[in-house]
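Everything below concerns the one structure shown next.
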Amino acid sequence: MKNIEISIIFKNIAKLLTIKGEPGFRIRSYEKAADIISDLAEDVSILIEEGKLQSISGIGKTIEEKSKEILETGTCQAYEKLIAEMGVEVLDLLNLKGIGGKTASLLYNDFGIKNLNQLSDMLESGKLQEIKGIGKKTMETISVSLEFLNTHKGTRILARCLDVVAHLSEIINACDAVNRFELTGDVRRLEEICQSIEIVVECQDNIVETQSALIDTFSTHKQPLQTEISNDENCTDKIPSLESIEKIHLLVDNGFPVTVYLCIAEDFESVLFLTTPTNEHLAEYRNVCGQSESSDFLIASRDKTETEIFDNLEMSFIPPELRKYPDSVALACDDKLPVLIDYNDLRGDLHTHTDWSDGAHIMEDMVAAAIKRELEYYAITDHSVSSFVANGLDQERLLKQIEYVHRLDEETDGIKLLAGSEVDILRDGSLDFSDDILVQLDIVVASVHSLFTLSETEMTKRVIRAIENPYVMIIGHPTGRLLGRRKGYPINLDEVIAAASENKTVLEINGSPSRLDLGPEYVRKAKDAGVLIAVNTDAHSIPESERYRYGVNVARRSGLSKGDVVNTYPIEKLLQILHRNRN
DNA sequence: GCCGTTTTCGGCCCGACTGTTTTCAGTCG
């Protein structure tokens with residue numbers, strides 16, 4: 001059980017209590033505890049063992065007891081009681097833009113709204129607009145948000161899938177009848193949003209025996225994923241049931257589909273090969289090899305490794321991340337696939353936070369985590385004054401911080417610290433700090449954090465003006481999207497990319513698992529336009545320093561090589577590139 | 001629910017802006 005699981009339960013308790021209409025401060029305590037726990041650098045279980053959990057400010061007796069209960073049983077009674085009473089779907093109400101705690105509570109208590117479908121009916125019947133405080137614009141916001149959530153219904157972001165996979169792996173490992181297993185499908189391709197989890201299992205001897213042993217193992221490990229065996233044959237099935245392939249369908253994590261393919265050793269890699277790509281990509285292989293049926297293909301490729309299968313198709317090995325795009329097959333046939341950036345290629349992080357603004361940890365601890373990651377350079381880029389809620393730094397505090405970073409840099413061996421700022425891009429595209437302040441910074445990341453409702457024209461103009469500022473080096477999370485939750489502000493990215501290309505401004509791939517912003521579609525366009533990319537963590541805590549992996553995933557899926565990513569360069573070259581617009 | 005203390009309950013809670021109204025809910029990190 002990881003900290004994140006405990007954190008999610010506390011966050012959900014807070015949400016359910018909000019919707020129920022409970023008074024505020026108890027809710028706030030659960031929210032605070034959830035935030036504290038997700039940011040902890042150590043496992044809750046260890047802190048409890050050492051008797052240290054309650055010494056953290058914000059965590060008292062009740063939170064510790066409930067944490068213990070969750071660690072032991074996968075859940076806690078208080079949470080289960082709320083879910084039983086209100087239903088888990090009611091939580092979706094708070095994911096809608098335009099609806100906050102007060103409105104969600106009103107909808108639930110006075111109108112009996114328990115899920116998005118009921119809300120949708122209410123919206124269509126016009127009853128929603130009768131509620132005080134909901135006018136034309138808010139209706140529109142809710143309607144757009146509802147449609148967005150519906151298109152992502154039943155999906156999970158990659159990070160959540162990997163958490164779920166960690167649990168499933170434990171369960172599968174506990175089954176003696178399994179030789180080995182590997183992820184396939186969406187998760188193997190590292191899709192930012194996944195439709196399902198697919199796993200290929202190599203059985204020890206008899207497939208049917210392994211199948212029934214695995215079903216037994218899954219059935220006895222119900223918590224914390226609410227794992228159920230499902231008979232739903234409509235689950236993602238890339239290959240038909242064959243004599244040599246069996247399947248198990250599961251629903252985990254409140255109804256998320258999992259398909260387990262069971263096969264013998266000889267078929268393991270060919271099943272992996274067939275189940276990894278999208279259907280569109282798979283069709284391209286068929287064009288190349290002329291095999292029309294998966295079953296024929298399977299027989300033809302029996303006992304071969306994936307590499308041998310690609311060899312037989314007379315194309316180079318296509319990394320799983322690229323087995324989505326039809327064009328990668330043509331590139332593989334011509335042996336022209338890019339050499340993808342590797343996770344170890346990053347030499348530094350150019351966008352991070354500390355407790356000077358809204359980070360959870362002190363600068364020294366964040367730096368220690370960076371040294372542990374063996375980074376060569378590390379930029380501190382706390383928020384600027386306009387991000388008030390994030391305790392953004394004003395000019396005076398920024399100047400103090402620059403000095404502090406320089407001093408810490410002198411005292412610290414093994415890493416170069418860069419003084420930076422994540423500067424807010426204001427409404428008109430100007431920045432929070434004047435040029436004579438910006439010139440003192442090693443790194444300037446400029447980001448939009450407010451006024452998401454501007455028109456596309458205004459927003460595009462706003463960001464381009466920031467790009468044109470010679471002191472701005474990187475545009476942070478360029479679309480403002482939150483995966484599965486928020487579409488991002490309206491902006492013409494083609495124009496933004498053209499402006500970045502012209503002004504030699506770097507665009508960011510933000511490694512926050514719920515952002516991953518820019519996404520592959522536009523990263524590819526940026527690469528084509530000669531724009532360099534920075535893969536940053538935007539870490540607000542020590543655990544978040546690990547999110548560089550998610551950023552690299554996006555870079556790989558976008559077909560980026562090491563040379564396309566600015567923070568793979570040695571420090572001298574990096575600064576030369578970033579400072580080239582300064583005179 | 002947590003904290004702190006003047007030991008048994010009162011205080012916790014940021015700011016600017018938008019939308020919808022005329023006082024407040026929601027949104028940005």
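Here is the naming used below: chain letters follow the sequence lines, and residue numbers restart at 1 for every chain.
Note on A:G101: only backbone sugar-phosphate atoms sit closer than 4.0 angstrom, heavy atoms only; bases stay farther off. Among the protein residues, A:T141 comes within range of no part of the nucleic acid, since none of its heavy atoms lies under 4.0 Å from any strand. Residue A:S450 is classed as having no contact, given no heavy-atom separation below 4.0 Å to the nucleic acid. Residue A:G392 is out of contact with every strand shown, counting any heavy-atom pair closer than 4.0 Å. As judged by a 4.0 angstrom heavy-atom cut-off over every strand, A:I13 is placed among residues making no nucleic acid contact. Among the heavy atoms of the strands lying under 4.0 Å from A:I56 are primed sugar atoms or P, OP1, OP2 only; no base atom is included. As judged by a 4.0 angstrom heavy-atom cut-off over every strand, A:S387 is placed among residues making no nucleic acid contact.
Rounded to whole Å, the separation between the C1' atoms of B:dC12 and B:dT27 comes to 22 Å. Annotation: B:dC17 and B:dG11 have their P atoms spaced 31 Å apart (nearest Å). Spacing between B:dC13 and B:dG4 at atom P, rounded to whole Å, works out to 12 Å. If you take atom P in B:dT20 and the same atom in B:dA25, they sit 15 Å apart, rounded to whole Å. B:dG1 and B:dT5 are spaced 22 Å apart, taking the P atom of each and rounding to whole Å. Only the P atoms considered, B:dT21 is 13 Å distant from B:dG26, to the nearest whole Å. For the P atoms, the distance from B:dC14 to B:dT18 is 22 Å, rounded to whole Å. Rounded to whole Å, the separation between the C1' atoms of B:dT8 and B:dC2 comes to 14 Å.
Summarising the geometry, the separation between CD on A:E22 and P on B:dG1 is reported as 9 Å, rounded to the nearest angstrom. Here B:dG26 presents its C1' atom at 14 Å from CG of A:L107, a figure rounded to the nearest Å. Rounded to whole Å, the distance from CE on A:M459 to P on B:dC28 is 11 Å. Counting to the nearest Å, the P atom of B:dC2 and the CG atom of A:L53 are 10 Å from each other. Here the P atom of nucleotide B:dC14 and the CG atom of A:D358 are 16 Å apart, to the nearest Å. Atom NE2 in A:H477 sits about 12 Å away from atom P in B:dC28, given to the nearest Å. Rounded to a whole Å, the CD atom of A:E31 is 11 Å from the C1' atom of B:dC13. Per the geometry, CD1 belonging to A:I425 stands 14 Å off C1' belonging to B:dC28, to the nearest Å.
The base of B:dC13 lies close enough to the side chain of A:R28 for a donor and an acceptor atom to sit less than 3.5 Å apart.
Comparing atom distances between the A:A390 side chain and each of B:dG29, B:dG1, B:dA25 picks out B:dG29 as nearest. Comparing B:dG29, B:dA25, B:dG1 against the side chain of A:V389 picks out B:dG29 as the nearest. Of the candidates B:dG15, B:dG29, B:dG26, B:dG29 carries the atom nearest the A:H540 side chain, counting heavy atoms from C-beta on. Comparing B:dG29, B:dT22, B:dG1 by their closest approach to the side chain of A:I63 singles out B:dG1. Nearest nucleotide to the side chain of A:S57, out of B:dC13, B:dC3, B:dG26: B:dC3. Side chain of A:R515, nearest nucleotide from B:dC17, B:dG29, B:dG1: B:dG29.
Heavy-atom distances to DNA chain B give each of A:K102 and A:K66 a nearest nucleotide, and the one nearer the 5′ end belongs to A:K66. Heavy-atom distances to DNA chain B give each of A:I27 and A:I134 a nearest nucleotide, and the one nearer the 5′ end belongs to A:I27.
Salt-bridge check for A:E192 with A:R481: passed, with a basic side-chain N closer than 4.0 Å to an acidic carboxylate O. Using a 4.0 Å cut-off between charged side-chain N and carboxylate O, A:R557 and A:E191 make a salt bridge.
Remark: B:dG29 base-pairs with no nucleotide; criterion is Watson-Crick or G-U wobble with both hydrogen-bond distances under 3.5 Å. With a 3.5 Å ceiling on both atom-pair distances, B:dC14 lacks any Watson-Crick or G-U wobble partner. Look at B:dG4: its Watson-Crick or wobble partner, with both distances under 3.5 angstrom, is B:dC9.
In B:dT5 the base sits anti relative to the sugar, since the glycosidic angle is further than 90° from 0.
In this structure, A:F452 does not count as stacked on the base of B:dC28 under the 5.5 Å centre distance and 30° plane angle limits.
Donor-acceptor pairing under 3.5 Å is recorded for the side chains of A:N510 and A:D538. No hydrogens or angles considered: nothing links the side chains of A:H540 and A:D39 as a donor-acceptor pair under 3.5 Å. Using modelled atom types, one finds a donor on one side chain and an acceptor on the other under 3.5 Å when comparing A:D382 with A:T354.
Residue A:R427 places no side-chain N or O under 4.0 Å from the OP1 or OP2 atom of B:dA16. Listed pair A:K132 / B:dT22 meets the phosphate criterion, a side-chain N or O lying under 4.0 Å from OP1 or OP2. The phosphate of B:dC2 (OP1 or OP2) has a side-chain N or O of A:T62 nearer than 4.0 angstrom. Residue A:K137 has no polar side-chain atom (N or O) positioned under 4.0 Å from OP1 or OP2 of B:dG26. Proximity of A:R486 to the phosphate of B:dG29: a side-chain N or O atom is located under 4.0 Å from OP1 or OP2.
Using bins of under 30°, 30° to 60° and over 60° for the plane-to-plane angle, the ring pair A:H449/A:H383 lands in the perpendicular bin.
Between A:L350 and A:Y377 there is a side-chain heavy-atom pair separated by less than 4.5 Å. The closest side-chain heavy-atom distance from A:E376 to A:K416 is not below 4.5 Å.
Under the 6.0 Å distance and 45° angle rule, A:R486 does not count as a cation-pi partner of A:F148.
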